[in-house]
Amino acid sequence: MKKPDVKVVLLGDMNVGKTSLLHRYTERKFKDTISTVGGAFFLKQWGPYNISIWDTAGREQFHGLGSMYCRGASAVILTYDVTNWQSLAELEERFLSLTDTANHDCIYALVGNKADLTDLKAQLPLDLSGASPASLSGTGLHKQVPREEAMALYERILRYKGLDEKSSLPAEKMCFETSAKTGYNVDTLFETLFDLVLPSILRKRNENLVSPTVDLEEYREASARRGKTCC
Amino acid sequence: MDRDGHPDGEAEAEGMNICRPLKETIPSADTLATSLSLLGNHMFSYPVERDDGATSDQQEPPDSYLSHVTVHDERPDEEPDSNHRESPQTEDMDNSDCHSNDSRTADGGTKEDVVDIDQSDSGEFVVTMLAKAKLEEQGIGVKGRSSPLLEVGTEETPAFMSHRDEDVTADSWREHRKHVFVLSEAGKPIYSRYGSEEALSSTMGVMMALVSFVQSGDNIIRSVYSEGHTVVFLQKGPLVLVCVSSSRQSEEQLRGELLYVYYQIISMLTQASISRIFEHKKNYDLRRLLAGSEKILDGLLNLVDSDPSFLLAAIHCLPLASSLRDSLSQILQKAITPNLVFSILIAKNQLLTIVQEKTVIEDTRLEPADVHLLLNLIGASSAFQAGEIWTPICLPLFNPDCYFYAYISYLDPPECTVCLLLLSTDKEAFYAVAECKRKIEEAMLAQNSLSLIAKAQSYSVSQVGVSDLRHFMYKPFDVPDNHRQLTQFTSPEMEAPYSSEEEKMRLLDLYRYMHSRIHSTSRPLKLIYHVAERETLLAWVTSKFELYTCFSPLVTKACAITAITKLLRWIKKEEERLFIRYPPKYSTTPNPSKSSRGGKSDQQDSTDNGFLQFVLTRQKLKTLRLTLFQEE
């Protein structure tokens, strides 16, 4: 099996568009999705690396599993809906504590999805410059979460994690506004994150190469496989 | 209760069915009748009459509250046998008596405006209050008024309207064939099949009032019959489930369907956590935990309506050459990891094979209902089929209080017809279980299994080679060596004249009718020969099987009997292909070195392990419960 090099987790309240974001990024499409059950695991090739992505259910019903999905994560994408203030509040109330099991050097991104509902610029995908201007209809919904609020939450997350603001990634860089519907900023989000977690992949690989100590995890797996048909 | 078979039983057919006799007269039948009529006025498109003395109906004696609100004893001998000459063995029936018996009095002229509840019996029940609240809130009975909430809903473009946005005051809402409501004992709405729960909160309040009113007299409300509608109640722990159906299904069948809804809820939350939640907080809004699961319940109800598996409480597996089925089972058998308990392979939403942990088989058998719930979950969660899903799931009939962890993955993306389902008792086992899938994938690739599976399909009734036979459902009770295994049934594709959705439904309705006669609680039958308008049906139950057959309308009784003999012979011959005959087993002990011995681990070990697994699952449940409660 291709062993994933790094783990990325999507967290956030139900209906903010976690599955749609991932679907837009991997399938280049936007379609109606059904509320996710539990969590869904995806393996994404990023150059020579395997990135595992956990798309989790936002429903309270599955809350108990959240910390399991986050265990050992290198990046957590905290997703909210820009038209729903409560979805941002939920991140802090409900989801932040789940990230306690993530890696100590885990990076956090705050993503406000559904930006196409509030921002004209998000109605056009960035990579599609030639779209017809007729599609630029008026913005239907009131934006409830200004980006500044998300940035403030990002600072609070850093403090919660006991991370030094100066040595951490700046809020300016880690707060995104996206639209899974139009594709606005979606590639930027994932690619920025993958670029950022790359160092941690490399370091992990190096550690595995030079580490003189026995990796218990590795050992246990090997013994579990022993005697079975194939390895 | 069998309405169609009792042309004389109308008085009781239109009434209320309570499971224990009331010792005296109902203290406030008037109130009860009022709330019934209020419920009726919302639910049914025609007026349900409120029969109070002042406007008493011509054909009813004035003192006849009890003929509308009839209390039924559980004892079968209470049921009047009326003028039915059918023997318990066979029964000949005239055609169309099943679907044209609508001779009940049309009571269109006796409708009343229910708004003026002239309740002199003070201190009467909340029903009245609730009912009034309902009228004000939703403009029921007050023409031209509807709540602002609903108007917002109707302004939306129809394309975006789901069942949930339906206007619950509209006629179209009332005309749905089968409504299902779930509410808490505090009367809080939990689920409605059509329309939003918020808009229906007062309707559900009235339902709860009915339930608790009857309860206050130490009784349990079971059903209410009105013209064209049957209302069935089911109370399970802190949940109340109500079905309002205009299908002609029996009360038992409808209650069975409600039970499936209950089990589906349990499968998501477990019985223990639901009880705990409501012990803790009586008026908890369970929708908080079920939010997002409505589609799973919707899907279940659609399946219940269209798939006879639920009626027969049996599993329909995809016909497959036994050699292929065996090789698939072996692949599953080899790909194991500690704490894996079930490996299930599904194609086109039908079972291909199922392999179980050894101790699990000896302990309990897997109930068809649990498999139905799993299949429904897979169907309803296929939003994003490229991924591998990991989710907790409870099998309520196996153990209503514990979670399994289900790994769901499609083996043939992007078509996504072949699905692998692996159940583990270990919450953290995702990566180990995913590794099992990798092995299964490899083995299937090596044996070219996917393309063989793709060729498998359901069969045509013409293969049986019996003219006049249009369709059948056969459920054996004793597949040899299989009596403790999964109950299965086999059935060909529904072909012309049952190709359209309406015709399929009509045939299923006929089967449901036959089923209700066979399984009637008051007068069960062994054999029914039923000449309907456009087909002739024969249902037969023995100690060995249950069989439902559908023939062309011109078949003679003798012909049908011969045909059935031929059919039984054909099934016997095809048995290996039609059923999972010998479900294979494996043994997964917590110790990896033991698991490498495959299925050959010794008895003692695996028995201990089964117990351990059970304990472990309980532990996990506790942890989960704790997390649930930290929420509040």
Side-chain angles (χ1 to χ4, degrees), chain A residues 1-4 7 13-15 18-24 26-27 29 31-44 52-69 71-72 93-94 97-98 101 217 220-231, chain B residues 268-269 273 287-296 299 334-338 377-378 380-393 403 405-409 414 427-428 430-432 434-435 437-439 442-443 592-593 595-598 620-621 623-628 630-631:
Chain A
M1 177 197 175
K2 289 175 286 183
K3 196 113 185 69
K7 184 175 183 177
D13 203 3
M14 60 182 285
N15 287 331
K18 297 176 293 300
T19 304
S20 294
L21 274 175
L22 189 54
H23 197 254
R24 161 62 73 183
T26 57
E27 312 281 315
K29 272 184 279 194
K31 63 163 191 181
D32 270 345
T33 57
I34 308 178
S35 179
T36 305
V37 171
F41 175 88
F42 297 88
L43 209 55
K44 167 86 186 165
S52 68
I53 305 173
W54 272 104
D55 173 29
T56 65
R59 287 139 69 173
E60 221 177 299
Q61 183 197 337
F62 297 112
H63 203 61
L65 278 176
S67 51
M68 178 251 160
Y69 298 130
R71 184 158 306 125
E93 285 164 26
R94 208 144 62 87
S97 62
L98 298 179
T101 52
E217 202 60 46
R220 212 176 298 149
E221 284 210 11
S223 69
R225 280 201 208 112
R226 206 193 311 139
K228 288 186 195 166
T229 43
C230 56
C231 292
Chain B
M268 297 184 272
L269 300 175
S273 71
R287 282 181 306 159
R288 259 182 73 179
L289 288 176
L290 282 177
S293 307
E294 301 89 350
K295 286 238 166 74
I296 293 179
K334 279 177 193 148
I336 53 172
T337 183
L377 177 82
I378 292 170
S381 59
S382 55
F384 199 169
Q385 295 169 325
E388 300 161 60
I389 289 166
W390 184 247
T391 182
I393 176 107
Y403 276 118
Y405 294 88
Y407 171 92
I408 305 170
S409 178
K427 180 180 172 181
E428 308 281 335
F430 172 80
Y431 295 99
E435 186 57 31
K437 180 227 173 178
R438 236 65 70 192
K439 282 185 200 160
E442 271 170 36
S593 66
S595 80
S596 61
R597 273 192 273 153
K620 271 166 217 149
L621 176 75
T623 340
L624 204 95
R625 254 194 236 143
L626 281 176
T627 18
L628 281 177
Q630 278 160 7
E631 283 319 295

Engineer: Locate the shortest heavy-atom distance separating Gly292(B) from Ser35(A); write the atom from each residue and the value.
Structural biologist: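 That would be O-CB, 3.4 Å.
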Engineer: With a 4.5 Å limit on heavy-atom distance, are the side chains of Ile389(B) and Phe41(A) in contact?
Structural biologist: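 The answer is no, as the side chains (C-beta and beyond) never meet within the 4.5 Å cut-off.
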Engineer: I'd like to check Glu388(B) versus Phe42(A) (side-chain heavy atoms, cut-off strictly below 4.5 Å). Are they in contact?
Structural biologist: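 The answer is no; the side chains never approach within 4.5 Å.
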Engineer: To the nearest 0.5 Å, tell me how far Arg71(A) CZ sits from Phe430(B) CZ.
Structural biologist: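 Rounded to the nearest 0.5 Å, the CZ-CZ separation comes out at 13.5 Å.
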Engineer: So, do Gln61(A) and Arg288(B) sit near enough that their side-chain heavy atoms are less than 4.5 Å apart?
Structural biologist: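 Heavy-atom side-chain distance check fails, nothing below 4.5 Å.
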Engineer: Can you establish whether the number of heavy atoms outside Lys44(A) located under 6.0 Å from its atom NZ is more than 12?
Structural biologist: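 Buried by this count: over 12 neighbours within 6.0 Å.
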Engineer: Does the side chain of Ser293(B) come within less than 4.5 Å of Arg59(A)'s, by heavy atoms?
Structural biologist: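 With C-beta onward as the side chain, the pair touches.
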Engineer: Quick check, are the ring centers of Trp390(B) and Phe62(A) under 6.0 angstrom apart?
Structural biologist: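 No: the rings miss the under 6.0 Å criterion.
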Engineer: With a 4.5 Å limit on heavy-atom distance, are the side chains of Ile296(B) and Val37(A) in contact?
Structural biologist: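 Yes, at least one pair of side-chain atoms sits under 4.5 Å.
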Engineer: Looking at every non-hydrogen atom in both residues, tell me the closest pair between Pro392(B) and Leu65(A) and how far apart they are.
Structural biologist: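 So the minimum-distance heavy-atom pair works out to CD-CD1, 2.9 Å.
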Engineer: Relative to each other, are the rings of Trp54(A) and Tyr431(B) parallel, tilted or perpendicular (30° and 60° limits)?
Structural biologist: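 Ring orientation, 0 to 90° scale: perpendicular.
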